[in-house]
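Structure first, commentary second.
In this text, all values refer to a predicted model and were calculated from it rather than measured experimentally. Numbered from 1 within each chain, the chains take letters A, B, ... in sequence-line order.
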2 protein chains.
Amino acid sequence: MTTSADTAAARRGRPGYDRRQVLDVAVTLFNEQGYDATSVADLAERLGLSKSALYHHFASKEELLAIALETALSRLEAVLDGALALDASAADRLEHVIRGAVAVLTAELPSVTLLLRLRGNSAVEVAALERRRLFDQRVTGLVRSAQSEGRLRADIDAGVATRLIFGMVNSVVEWYRPDGRVDPALLAEDVLTVALSGLLPRDDHG
Amino acid sequence: MTTSADTAAARRGRPGYDRRQVLDVAVTLFNEQGYDATSVADLAERLGLSKSALYHHFASKEELLAIALETALSRLEAVLDGALALDASAADRLEHVIRGAVAVLTAELPSVTLLLRLRGNSAVEVAALERRRLFDQRVTGLVRSAQSEGRLRADIDAGVATRLIFGMVNSVVEWYRPDGRVDPALLAEDVLTVALSGLLPRDDHG
DNA sequence: GTCTATAGAATGATAGAC
DNA sequence: GTCTATCATTCTATAGAC
């Protein structure tokens with residue numbers, strides 16, 4: 001779809017990579033090798049460009065990281081904002097968040113993968129981790145409310161429950177591939193099934 | 001437990017770090033900053049040693065990684081071997097594996113954390129990832145058998161179910177801390193509860 | 001001529017290894 | 001400490017489409 005010049009039909013100047021294309025390749029490479037293990041020379045080679053040509057598109061290696069993280073975080077936050085704007089119970093809102101998070105993970109796989117592997121080695125990374133921490137905290141609030149409503153079992157700590165649910169959700173980036181045979185929407189349902197009802201057979205024998 | 005000289009009571013020669021202590025600090029640092037982002041100079045500084053002194057203990061930075069990965073993998077494999085040696089149903093064996101995996105994760109947190117973050121950037125990493133893949137495959141077999149027994153719901157693909165369960169299990173390394181207020185054994189029960197019964201309230205109203 | 005993408009050469013800093 | 005290799009980055013200049 002977004003391969004070359006067919007997106008922004010008429011572009012002036014010399015043909016070649018634009019910002020978007022460089023970013024996509026960069027994030028892919030960061031995910032393959034890890035951000036720190038990927039040198040600008042690696043990226044240049046993958047693109048068939050010189051290093052200096054890359055610096056025409058971006059001010060720094062870290063800027064590439066920052067843009068990708070912004071994409072991932074803003075989309076995840078949008079899901080949560082949308083859920084909180086609903087006129088619904090906390091349990092229903094939580095369900096909306098889980099479904100939405102799986103959708104964002106699968107749709108924005110590269111940038112979210114990058115986000116989930118951060119170590120906090122720079123100011124950019126620390127800031128992203130902080131936004132992620134805030135996201136988690138708000139979801140924990142939802143879980144706690146759903147427990148109070150009696151819609152979620154209360155014998156598991158809300159913080160632990162949230163971490164387990166999102167551990168399951170986030171782990172999807174480790175194996176989901178867009179070209180695979182797993183449908184994102186069905187995957188979201190499977191996640192919800194396991195999280196809410198568990199893997200024991202449905203109680204249809206009595 | 002394994003802090004300093006109290007392990008191998010009498011050690012001869014010049015006082016200072018031994019292999020084990022250097023390894024522990026190295027793995028801790030690798031987890032804090034990431035393996036690639038951690039330089040030998042970082043490690044030397046943390047230990048208060050010169051770089052050359054470090055190379056007296058280890059042949060290379062990668063050797064440190066290899067030893068840690070061996071620890072994590074052998075302990076996880078031992079859990080699986082133990083489960084398969086049991087005279088029990090697949091479902092019961094799976095439960096044993098999940099409980100054991102959480103135990104290994106919490107007991108060997110640093111080395112398992114390192115294992116779960118590998119990217120495959122070297123021969124050592126590729127080999128470790130391959131052993132991990134084999135582990136996952138064997139667990140998937142257990143899940144499939146448990147489904148055939150009727151002890152696990154069969155409307156979720158065995159591969160997806162396995163990945164979701166272990167996504168939940170493995171995510172524990174992201175937040176569990178030995179000095180925290182979460183008991184490892186209770187955590188394992190919580191994981192099993194969510195995986196098997198889900199977070200919906202127990203059906204005690206009818 | 002103007003715009004965009006591109007190289008080449010060289011910077012200082014830091015890497016792992018010994 | 002010292003080695004060589006590689007790191008991210010910058011400067012200056014040019015190639016090609018409008």
> Base, backbone or nothing for each nucleotide of nucleotides 8-13 of chain C, written B, S, -, heavy atoms under 4.0 angstrom, 5' to 3'?
Replying inline: B-----
> What string of B, S and - do you get for nucleotides 13-18 of chain D, 5' to 3', if B is base contact, S is sugar-phosphate-only contact and - is no contact with any protein heavy atom under 4.0 Å?
Replying inline: --BBS-
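Near-neighbour residues of DNA chain D inside residues 30-39 of chain A, defined by a heavy atom below 4.0 Å, number-ordered: A:Thr38, A:Ser39. Contacts between residues 41-49 of chain A and DNA chain C, counted as heavy-atom distances below 4.0 Å, involve A:Gly48, A:Leu49.
Side-chain contact check for B:Phe30 versus A:Arg119: every heavy-atom pair is 4.5 Å or farther apart. Two residues are said to be in side-chain contact when any heavy atoms from C-beta on lie closer than 4.5 Å; A:Leu86 and A:Asp92 fail this criterion. A:Leu84 is listed as a side-chain neighbour of A:Leu142, based on a closest heavy-atom distance under 4.5 Å. A:Leu199 places a side-chain heavy atom less than 4.5 Å from the side chain of B:Ile156. Considering only heavy atoms from C-beta on, B:Arg132 stays 4.5 Å or farther from B:Leu118 through its side chain. Using a 4.5 Å heavy-atom threshold, the side chains of B:Val102 and B:Pro184 count as separate. You'll find the side chain of A:Leu23 reaches within 4.5 Å of the side chain of A:Arg20, heavy atoms only.
With rounding to whole Å, A:Phe58 atom CZ is found 13 Å from D:dT9 atom P. Distance CG (B:Leu54) to C1' (D:dG1): 15 Å, rounded to an integer number of Å.
Taking CD1 from A:Ile165 and CG from A:Leu152, the interatomic distance works out to 7.0 Å, rounded to the nearest 0.5 Å.
In the displayed structure, A:Glu174 atom CD is contacted under 6.0 Å by more than 12 heavy atoms of other residues, nucleotides or ligands.
In terms of the ring-ring contact (aromatic ring centres under 6.0 Å, His included) criterion, residue partners of A:Phe135 (sequence neighbours excluded) are, by chain and number, A:Phe166. Considering only residues two or more places apart in sequence or on other chains, A:Arg177 meets the salt bridge (Lys or Arg N to Asp or Glu O under 4.0 Å) condition with none of them.
In summary, the side chains of A:Glu108 and A:Thr71 do not present any donor paired with an acceptor at a separation below 3.5 Å, with no hydrogens or angles considered.
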> Under the side-chain contact (heavy atoms from CB on, under 4.5 Å) criterion, do B:Glu125 and B:Leu65 qualify, and how do the steps go?
Replying inline: CA-CA 9 Å; B:Glu125 297 190 18; B:Leu65 177 64; 3.8 Å; yes
